[in-house]
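One structure is given here, and the rest of the page talks about it.
The chains referred to below are lettered A, B, ... by the order of the sequence lines, with proteins before strands, and numbering in each begins at 1. Values in this document were obtained by computation on a predicted structure and should not be read as measured data.
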Protein chains: 2
Amino acid sequence: MTKELTERQKLLLSLIIHEHTRTAQPVGSKSIVNQFGLNLSSATIRNELATLTELGYLRQPHTSAGRVPTEEGYRYFVSNLVQQTNLPATTRNTISHQFYQAPQGLVQWLRLAASVLANHSQAASLVTAPHTTRATFKHIELLSTRATQVLLVLVLGGGEIRQRILSLDESVSQENLSELSAHINGLCQNYSADDLKSRHEQLSPLGLIVLDTIIEEMRLSSTLVTGEVYLDGLTNVLTEPEFAQSELARSPMRLLEERTLLNDLISRTIMTEEVGGVQVLIGGEGTWDELRDCSVILTRYGIPDQLTGAIGVLGPMRMPYGHTISTVRFMAGLLSDLVSEHLVE
Amino acid sequence: MTKELTERQKLLLSLIIHEHTRTAQPVGSKSIVNQFGLNLSSATIRNELATLTELGYLRQPHTSAGRVPTEEGYRYFVSNLVQQTNLPATTRNTISHQFYQAPQGLVQWLRLAASVLANHSQAASLVTAPHTTRATFKHIELLSTRATQVLLVLVLGGGEIRQRILSLDESVSQENLSELSAHINGLCQNYSADDLKSRHEQLSPLGLIVLDTIIEEMRLSSTLVTGEVYLDGLTNVLTEPEFAQSELARSPMRLLEERTLLNDLISRTIMTEEVGGVQVLIGGEGTWDELRDCSVILTRYGIPDQLTGAIGVLGPMRMPYGHTISTVRFMAGLLSDLVSEHLVE
DNA sequence: ATTAGCACTCTCACGTTGAGAGTGCTAATT
DNA sequence: AATTAGCACTCTCAACGTGAGAGTGCTAAT
């Protein structure tokens with residue numbers, strides 16, 4: 001599959017991608033020579049380009065236009081040629097500072113992460129809240145709001161909070177509720193959803209309802225993407241020239257908007273990957289039609305097997321991969337640190 | 001200001017707005033006669049159109065094109081001519097059902113409301129979580145996550161939940177924390193932020209930190225727009241022909257994305273208005289440049305002075321006002337019912 | 001007050017055209 | 001064998017011209 005390229009071909013592929021990323025235009029043999037002052041004539045370049053085109057790494061929009069990288073071209077580039085530039089120390093510090101200055105709180109951090117990432121990548125960013133694959137019970141609180149309504153607040157292992165309103169058949173006093181929650185708190189400490197099922201001894205009918213609700217919420221929380229997905233920089237996508245006609249921009253935007261599509265994308269892309277590895281999805285890879293002209297860069301953050309989330313960007317396929325991958329990786333590291341410092345027991 | 005129009009002029013204004021809403025094209029005298037079969041000649045219509053143009057209600061894109069409504073025209077229409085069609089009973093039922101079937105929970109309801117509203121209005125929808133202008137303390141829970149980290153969960157009057165991570169100088173046991181929270185819970189029941197300041201008797205240093213945090217969170221929660229704003233249907237805006245060039249679509253989208261802008265818009269628009277009144281903001285009204293070609297329809301929902309939020313849509317100025325206003329009003333009513341049934345004590 | 005008629009204006013879709021950029025191929029050069 | 005100069009060829013794109021069509025305002029008649 002990965003045909004060996006000569007060094008010169010690799011160089012040319014890199015140059016074309018670099019140039020096309022900058023200008024959004026097809027790039028021709030002559031302009032390569034001018035731009036980069038190689039010791040070669042345009043004719044030689046043309047020959048090389050012809051073979052790269054045959055190999056499927058380049059493409060001509062029409063017979064006599066310059067070359068444009070294909071999806072294959074980008075893939076080869078990302079797999080073999082891209083060089084990860086570490087972000088400059090000053091940038092890294094600026095970003096870190098923002099986090100340690102900001103008010104402490106998971107939601108604020110995630111929102112900030114999305115915003116920073118969107119700015120630095122000039123693309124749309126997405127961040128999911130971290131969650132435990134194996135949720136453990138930590139604490140509940142039952143609060144009566146009005147006669148037959150009860151607000152159930154459930155705290156899970158990593159500090160994840162879920163709430164739910166219960167409608168009862170008859171009214172229950174706050175004292176009874178407090179008693180019940182104390183009872184359940186004692187009974188269920190640190191259990192997982194599966195273990196909880198066997199804990200219904202000595203529980204009142206109301207207690208059983210509560211327990212079932214708890215189990216249900218814990219199950220819900222165990223799907224990979226749970227709760228909010230924090231998005232930012234959607235309009236960055238609209239800025240790119242390839243999405244000048246709004247019709248083209250609509251499909252990637254729709255994907256970000258539709259919860260189900262987005263969840264699907266995140267789970268399938270990230271599923272296999274360990275924390276640390278960055279996934280690059282170029283042009284939908286045959287599965288996501290909406291992403292024909294887009295690339296998605298995604299990675300996990302958090303503590304493996306304990307509390308992990310996903311963070312990444314969606315941008316045009318014509319994207320500065322080196323820089324973007326570095327940025328995503330750095331942000332993931334930052335969030336991992338925050339999570340392990342503040343949220344894990 | 002509001003010059004009196006003859007009945008015929010009103011009719012013509014309505015017809016033009018109706019037709020232009022449908023086609024997104026300038027509408028000419030002839031096409032009015034054809035479409036609506038008035039007993040008038042096109043020449044008569046032209047005379048009327050000329051006066052309407054002089055009055056500032058209509059505008060010609062160029063000398064010999066049809067007429068297009070101006071902002072003024074839309075304002076006059078909305079103030080004097082629009083007829084609120086109640087949504088058909090079947091639609092109303094379908095929507096209600098969705099809510100009573102859906103899993104109970106504020107977040108789900110708000111999300112669903114945004115989604116339904118976006119679909120029925122074919123515009124971008126926005127829904128803020130309801131909150132109390134005068135937040136009252138209901139309950140806290142303190143949970144130790146790791147040595148010196150404490151998770152503070154705060155429940156406010158209307159069931160609003162806020163969470164915060166506290167970093168302490170020294171570690172505190174969970175028993176001490178439980179004791180402290182029980183103490184504070186007893187001490188502060190139903191107090192407002194201002195009242196809480198005077199409750200620091202008999203509190204340990206840690207207790208004071210917690211109390212300050214509580215007060216701060218309650219203050220935060222008292223700004224009109226707090227926490228999440230649920231958006232949906234952003235891509236509906238991209239569909240409209242007037243936003244075919246993505247550049248034009250970018251500004252309204254940006255406004256929806258920038259938290260600060262959005263909050264500003266919501267608070268300033270809604271501030272004055274009572275629950276029940278629907279605010280229509282046409283073309284930015286000189287204040288929001290980003291909305292030059294857009295209209296915003298916003299209203300409050302909830303229980304006045306107790307627990308209110310905002311719900312509305314943002315769409316192109318060329319919008320079926322009658323239908324959209326009805327829809328927004330209906331959704332607001334629905335949410336009000338849900339809130340008063342489930343969230344108010 | 002309304003209308004028929006007409007001259008006028010302006011846009012838009014369509015076709016033409018020429019410059020420019022880029023290509024592939026061939027034959028010559030290193 | 002690799003590289004290069006040269007050249008004919010292709011295709012896009014912006015510029016221009018043109019004519020049909022839609023709509024207007026005005027005037028004179030009803």
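- Between A:Ala123 and A:Asn236, the closest heavy-atom pair is O-ND2, 3.2 Å.
- Between B:Gly66 and B:Asn47, the residue anchored nearer the 5' end of DNA chain D, judged by the nucleotide with its closest heavy atom, is B:Gly66.
- A salt bridge between B:Glu48 and B:Arg8 is present, with a side-chain N of the basic residue lying under 4.0 Å from a carboxylate O of the acidic one.
- Here CD of A:Glu242 is found 4.0 Å from CZ of A:Arg318. Values are rounded to the nearest 0.5 Å.
- Counting to the nearest Å, the P atom of D:dT3 and the CD atom of A:Gln9 are 11 Å from each other.
- Taking the side chain as every heavy atom from C-beta outward, A:Val296 and A:Thr269 never approach each other to under 4.5 Å.
- If one axis is set at each end of the helix from C:dA1-D:dT30 to C:dT30-D:dA1 from five pairs, those axes are 30° apart, to 10°.
- Annotation: B:Gln84, atom CD; neighbour count of heavy atoms from other residues, nucleotides and ligands within 6.0 Å is above 12.
- How far CG of A:Leu248 is from CG of B:Leu238: 11.0 Å, rounded to the nearest 0.5 Å.
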Task: Pair A:Ile17-A:Leu81, side-chain contact (heavy atoms from CB on, under 4.5 Å): steps then yes or no - done: CA-CA 11 Å; A:Ile17 288 182; A:Leu81 305 177; over 6 Å; no
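- Side-chain contact of B:Thr94 with B:Thr91: a donor-acceptor pair under 3.5 Å is absent, judged by distance alone.
- First and last contacts of DNA chain C with chain A, using any nucleotide atom under 4.0 Å from a protein heavy atom and ordered 5' to 3', fall at C:dA21 to C:dG24.
- Within residues 24-38 of chain B, the residues approaching DNA chain D are B:Gly28, B:Ser29, by heavy-atom distance under 4.0 Å.
- One finds the OG1 atom of A:Thr63 at 7.5 Å from the CD atom of A:Gln60 (value rounded to the nearest 0.5 Å).
- Residues A:Ile32 and A:Leu12 approach most closely at CG2-CD2, 4.2 Å, considering heavy atoms.
- With respect to the salt-bridge test (charged N to carboxylate O, under 4.0 angstrom), the residues B:Lys10 and B:Glu7 qualify.
- One interatomic measurement links the two molecules: NE2 of A:His62 to P of D:dC13, which rounds to 6 Å at whole-angstrom precision.
- Between B:Ala65 and B:Ala43, the one whose closest nucleotide on DNA chain D sits nearer the 5' end is B:Ala65.
- Mapping B:Arg8 and B:Pro61 onto DNA chain C via the closest heavy atom, the residue that lands nearer the 5' end is B:Arg8.
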